[in-house]
Structure formats: C-alpha cells, structure tokens
Visitor: 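One structure, pasted below without further comment.
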Amino acid sequence: MRIEEDVKLGFKDVLIRPKRSILKSRSQVDLTRNFSFRNSGRVWTGIPLIAANMDTIGTFRMVQVLSSFHVLTAVHKYYSYTYWKDFVHSVPDTVLDYVIVSTGMLEEDLTKLKKIFSLSSKLQYICIDVANGYTEQFVSFLKRIRDSFPEKIICAGNVVTGEMVEELILSGADIVKVGIGPGSVCTTRIKTAIGYPQLSAVIECSDAAHGLGGQIISDGGCIVSGDIAKAFGGGADFVMLGGMLAGHHECEGLIFEENKKKYMMFYGMSSKSAMDRYVGGVAGYKAVEGKSVKLLFRGSVDKTMRDILGGLRSTCTYVGASSLKELTKRTTFIKVSEQENKTFNNQEA
Ligand code: 5GP
C-alpha cells in the first residue's frame, strides 16, 4: 500500500482568475476548434462539446438540434441497424459531421459497427466505451477497431491516468475519454472506492495525450457551464455532458406528471433501470454502479445549449481568450473553499 500525498482537485475546488483583456464583447469569442487527429489523420471543425452516449442523451433527436450548433452527439449503442439506416438516409450529410457512433466490445457490436459505417462515408467518429478502460481485453479490441477502420476518428475510454492515456493512443485511439466516477448518476466511487477528481484527471491526462499528439475528452462531472470552462481551462480538448443535457424534449426519456408538474426519468448506464431495459436485469455477479433520478422536464435543449455556449464565451472574455483554443494558456486556477452564494437557491422567480 502507498499513499500519494498531493490533493487532487475537482471542479468545485477551483475558480479561474480573471485577466486583463482587450476583447470588447463576448460576440468576438470563437468557440470553434480545428483538430487534426494523430492516428486517423482526419481533421474536424466544430464546437468541441459532446452529448454523452447514454440512451436518454445520445439520441437521434439530440443530433438534430446539437448539429445546428456544430456540437457533437455520441449516439448510444442501443439503436438497431434499421434505425440507423432510417436516420442516416433522412438527414443531410452535414449533420453526420457531428455524429459519433458508439460501440460495445462484443463480436456482434463490431459486426453492427461495420454495417453502420457502410451506410455513409460521411460518418467519421467511433466511440468505444467501457466503464473500465484499463483491461488488456479493451486494448486488444481498440487495436482491432483501428485495423478495421484506419481512417476513422476513434475515441476510447474511460481512464484517468497518464500512462493509460498513452497506451490507448499508442494502440490506435485519436481521443481518450477521461473520467471515472464523476458522473451525475454514477455510483462507482461509492460502490468501489475507485475514482479520480475530474479536474486533476483532465490536467494530468491532457498533458500525457498532448505529448503524443493525441486529444482527450473530459467525461462527466460538469454541473454548470463554469465546470465546462474549468475542464477546457485544465486542458480538455472536448467535454462530454450527460446530466446537463438531461430532462429535455430531445432525450426520448419517459415523461410523466406528478402534482401537475412534468418530469422525465434519467438514469446511469450501469443502473438497474438500464440493465433491466437492455440485458434483462442485473447479473448475479455484478453491482449496480448507477442511479435513476426524476428531473423536472426542461423543454427543448436549444435554450440550454445557448446558455452553455454563452457562459463559455463569457469565461473567454474574462481571461482575454479570443478563441476557445487559447483558454488553457490563459487559465490560472485558484484553489478555493467557496463557490457561488447559495442564499436564494431554489427561490428563483
Ligand atoms: P454527467 O455529465 O452526467 O456528470 O456524466 C456523464 C457520464 O457519466 C457519461 O458520459 C458516462 O461516462 C458516465 N456514466 C453514465 N452512466 C453511468 C453509470 O451508470 N455509472 C457510472 N459509473 N458512470 C456513468
């Protein structure tokens, strides 16, 4: 046993120090980024936010709205090939620029992935998503996917440490997904004691990835748009959002009424609800590592997205970054023991 003495940081432990700026208005801030990927050699331009590949977040309806903002959606792996076929043939090609196709690690997942990619050469992103990206089996599967799709952008995860980020990039990933345990409906830290405060994971993993010419996604733990700014400030190239996009019309989740208020269900992909739905219940040897929550229905995601992008532009103006790309080098984090003033929380008119 050993103990690492330095305290790792989450989003709640820091704020960003403002800096002198020559920017006159938030409208001068460019949130678009151009990436050139290490292993696939592809390029992509857009706003590097991603709707999570959870079944109520990474939906085709979400793609329709977020693509209009040039934001990505990691479409969940539970749509059948037939649904994919209908979707790909019904949207303009430009929409497909903002689609990530998620896959699991089964043989049948690989077969389905190949069929989906045969639908359109405009599909360019693959996300191989497992709760624990540290297994040899995962690395072997990643290598197989890279061999099968040499020119597609591959995201792989989740991990939280630099050495594993390097191994995944050297095994074919263009982008490594970073985050274990920070998610809004995740109970991994409670069940297993495994985890890593998200901001430190981002700082350490982005350093490892950038050293090799790779990129990272900060996945999980963003509660407000300030957290997204902190993730980018810490070095994240992309930020993935679940809870912040939950409860909207585009989520395709169960809507119901209670006391004249409209709610929508949201649950973790390792929750009992998800396992009941997709694998016929919780296997005897497994623990549930996610929870189900009911959220007040929030209407269309369009308004939420505008709010998030407005917040990010404002962060950039406060530190004098004219583009999102500059945010990391303009960021000085200060460690704090306070965040917002909560006096009137839940009393908003
Ligand atoms: P959020 O933005 O809601 O804080 O985090 C979203 C992320 O939480 C997802 O992208 C995924 O990585 C993670 N996640 C989703 N469902 C579960 C779950 O049931 N258990 C765990 N441990 N993580 C989950």
Side-chain angles (χ1 to χ4, degrees), residues 10-12 48-59 62 66 71-78 100-104 125 127-134 138 155-160 168 175-199 201-202 205 216-232 236 238-248 251 253 264-279 281-283 286-295 298 301 304-305 308:
F11 298 132
K12 67 169 194 347
L49 293 171
I50 310 175
N53 50 325
M54 302 167 77
D55 68 344
T56 57
I57 305 292
T59 64
M62 192 65 86
L66 297 198
V71 162
L72 291 154
T73 300
V75 175
H76 67 73
K77 65 182 182 192
Y78 301 103
I100 302 178
V101 185
S102 304
T103 179
Y125 273 101
C127 177
I128 320 167
D129 185 47
V130 293
N132 174 5
Y134 282 80
F138 178 63
C155 322
N158 281 21
V159 299
V160 283
L168 296 181
I175 312 172
V176 175
K177 206 142 80 71
V178 172
I180 295 187
S184 58
V185 280
C186 161
T187 57
T188 294
R189 292 179 183 176
I190 299 167
K191 281 289 166 72
T192 68
I194 303 294
Y196 212 99
Q198 187 66 6
L199 181 64
V202 165
C205 291
I216 68 154
I217 299 170
S218 171
D219 176 19
C222 289
I223 302 171
V224 290
S225 61
D227 294 337
I228 302 175
K230 290 172 188 174
F232 283 127
F238 296 82
V239 176
M240 181 172 265
L241 305 172
M244 283 186 73
L245 303 181
H248 292 98
C251 294
M264 187 184 261
M265 290 305 293
F266 175 50
Y267 49 82
M269 296 316 295
S270 303
S271 65
K272 183 172 181 311
S273 309
M275 292 193 217
D276 285 348
R277 182 157 185 196
Y278 296 112
V279 290
V282 183
K286 269 193 180 171
V288 164
E289 287 182 33
K291 61 186 168 192
S292 302
V293 294
K294 62 173 192 189
L295 307 179
R298 299 165 71 190
V301 78
T304 303
M305 208 59 218
I308 289 173

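Atoms within a ligand are numbered from 1 in the order they appear, just like the ligands themselves.
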Visitor: Counting only heavy atoms, tell me which of D219, T188, V178 gets closest to atom 12 (O) of ligand 1.
Guide: D219

Visitor: So L295 and V293, do their side chains get closer than 4.5 Å, heavy atoms only?
Guide: yes

Visitor: Please report whether ligand 1 has a polar contact with M240, defined as an N or O pair separated by less than 3.5 Å (distance criterion only).
Guide: no

Visitor: Does the side chain of V239 come within less than 4.5 Å of C222's, by heavy atoms?
Guide: yes

Visitor: May I ask you to identify, for N158, whether its side chain, its backbone, both or neither come under 4.0 Å of ligand 1 on a heavy-atom basis?
Guide: side chain

Visitor: CG/N158 to CG/D219 distance, rounded to the nearest 0.5 angstrom?
Guide: 4.5 Å

Visitor: How far is atom 20 (N) of ligand 1 from its nearest protein heavy atom, and which residue and atom is that?
Guide: E289 O, 2.7 Å

Visitor: Quick one: does G221 get within less than 4.0 Å of ligand 1, heavy atoms only?
Guide: yes

Visitor: Could you tell me whether C222 and ligand 1 have an N or O pair separated by under 3.5 Å?
Guide: no

Visitor: Give yes or no for whether the N/O distance cutoff of 3.5 Å, strictly under, is met between M54 and ligand 1.
Guide: no

Visitor: In the protein, what heavy atom is nearest to atom 2 (O) of ligand 1, and what distance, to one decimal place, separates them?
Guide: G242 N, 2.8 Å

Visitor: Suppose we measure from atom 8 (O) of ligand 1 to each protein heavy atom; which comes out shortest, and what is that distance?
Guide: G183 CA, 3.8 Å

Visitor: Give me the residue, atom name and distance of the protein heavy atom closest to atom 23 (N) of ligand 1.
Guide: C186 CB, 3.5 Å

Visitor: Passes side chain to side chain contact (heavy atoms under 4.5 Å, CB included), S273 versus M265? Steps please.
Guide: CA-CA 10 Å; S273 309; M265 290 305 293; 5.7 Å; no

Visitor: What's the verdict on side chain to side chain contact (heavy atoms under 4.5 Å, CB included) for M54 and V185, showing C-alpha distance, side-chain angles and the deciding distance?
Guide: CA-CA 11 Å; M54 302 167 77; V185 280; 3.7 Å; yes

Visitor: For ligand 1, is there an N or O atom under 3.5 Å from any N or O atom of K291?
Guide: no

Visitor: Roughly how far, to the nearest 0.5 Å, is CD1 of I194 from OH of Y134?
Guide: 9.5 Å

Visitor: Among all protein heavy atoms, pick out the one at the shortest distance from atom 5 (O) of ligand 1; state its residue, atom name and that distance to 0.1 Å.
Guide: G220 CA, 3.3 Å

Visitor: Going by the atom numbers of ligand 1, which of them fall below 4.0 Å from some non-hydrogen atom of G243?
Guide: 1 (P), 2 (O), 3 (O)

Visitor: Classify the ring geometry of Y125 against F238: parallel below 30°, tilted from 30° to 60°, perpendicular beyond 60°.
Guide: perpendicular

Visitor: Where is the nearest protein heavy atom to atom 16 (N) of ligand 1: which residue, which atom, and how far?
Guide: M269 N, 2.9 Å

Visitor: Roughly how far, to the nearest 0.5 Å, is the CG atom of L245 from the CZ atom of R298?
Guide: 7.5 Å

Visitor: Would you mind listing which atoms of ligand 1 come within a distance below 4.0 Å of any non-hydrogen atom of S271?
Guide: 19 (O)

Visitor: Would you find more than 12 non-hydrogen atoms of other residues, nucleotides or ligands less than 6.0 Å from K191 atom NZ?
Guide: yes

Visitor: Charged N to carboxylate O below 4.0 Å: is that the case for D55 and R277?
Guide: yes

Visitor: Among T187, T188, T192, which one satisfies side chain to side chain donor-acceptor pair (under 3.5 Å) with E289?
Guide: T188

Visitor: Hey, looking at atom 4 (O) of ligand 1, which of G157, S184, G268 has the closest heavy atom?
Guide: S184

Visitor: Provide the number and element of each atom of ligand 1 under 4.0 Å from a heavy atom of L241.
Guide: 2 (O)

Visitor: Would you mind checking which non-hydrogen protein atom is closest to atom 19 (O) of ligand 1, with the distance to 0.1 Å?
Guide: S270 N, 2.6 Å

Visitor: Looking at A52, which atoms of ligand 1 are within less than 4.0 Å of one of its heavy atoms?
Guide: 10 (O)

Visitor: Kindly indicate whether the side chain of C251, heavy atoms from C-beta on, has any atom under 4.5 Å from the side chain of I57.
Guide: yes

